[in-house]
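To keep things clear, I will list the structure first and then write my remarks on it.
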Amino acid sequence: MKINNCSNCNVQPKSQSDELGIMYRLICPKCSKCTHDIISKSSALDDETLTRLTNEWNAMN
């Protein structure tokens with residue numbers, strides 16, 4: 001699934017996780033616009049979590 005660029009500054013978002021690697025979000029490195037934190041079922045960014053983050057990001061942009 002394609003991730004849209006940030007609507008504010010046209011930059012591709014990056015994935016970011018907490019210290020434990022449990023919660024993930026997509027964040028724009030330029031303006032810091034981001035999705036809500038989503039808890040992953042594993043200690044890695046799995047396909048389901050990435051799809052949920054992508055859907056939320058694309059809805060925002």
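Basis for what follows: all heavy atoms, side chains included, without hydrogens, waters or symmetry-related copies.
At a cut-off of 3.5 Å, with distance as the only test, no side-chain donor of Thr54 or Lys2 sits close to an acceptor on the other residue. In this model, no donor atom of one side chain and acceptor atom of the other lie less than 3.5 Å apart for Lys30 and Asn10.
Residues satisfying the side-chain contact (heavy atoms from CB on, under 4.5 Å) criterion with Ile22, sequence neighbours excluded, are Asp18, Leu20, Ile39. Every residue two or more places apart in sequence or in another chain that forms a salt bridge (charged side-chain N to carboxylate O under 4.0 Å, His left out) with Lys41 is listed here: Glu48.
At least one donor-acceptor pair closer than 3.5 Å links the side chain of Asn61 to the backbone N or O of Ser7. In this structure, Ser43 contributes its side chain and Gly21 its backbone to no donor-acceptor pair below 3.5 Å. Trp57 places no side-chain N or O within donor-acceptor distance of the main-chain N or O of Pro13, the cut-off being under 3.5 Å. Side-chain N or O atoms of Glu56 include one that pairs as donor or acceptor with a backbone N or O of His36 at under 3.5 Å. Within the 3.5 Å criterion, the main-chain N or O of Arg25 finds no donor-acceptor partner in the side chain of Asp37.
Expressed to the nearest 0.5 Å, how far OG of Ser15 lies from CG of Leu50 amounts to 7.5 Å. To the nearest 0.5 angstrom, Leu26 atom CG is 12.0 Å from Lys33 atom NZ. Of the inter-residue distances, the one linking Ile38 atom CD1 with Ser17 atom OG reads 13.5 Å to the nearest 0.5 angstrom. Atom OG of Ser32 sits about 8.5 Å away from atom CD of Gln16, to the nearest 0.5 Å.
Annotation for Asn58 and Asn4: closest pair OD1-N, 2.8 Å, computed over non-hydrogen atoms.
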* To do: With side chain to side chain contact (heavy atoms under 4.5 Å, CB included) as the test, would you mind laying out the steps for Tyr24 and Leu45 before giving the verdict?
  => CA-CA 7 Å; Tyr24 290 88; Leu45 184 58; 3.7 Å; yes

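Side-chain contact between Cys9 and Cys28: present, with at least one pair of heavy atoms (C-beta onward) separated by less than 4.5 Å. Two residues are said to be in side-chain contact when any heavy atoms from C-beta on lie closer than 4.5 Å; Gln12 and Pro29 fail this criterion.
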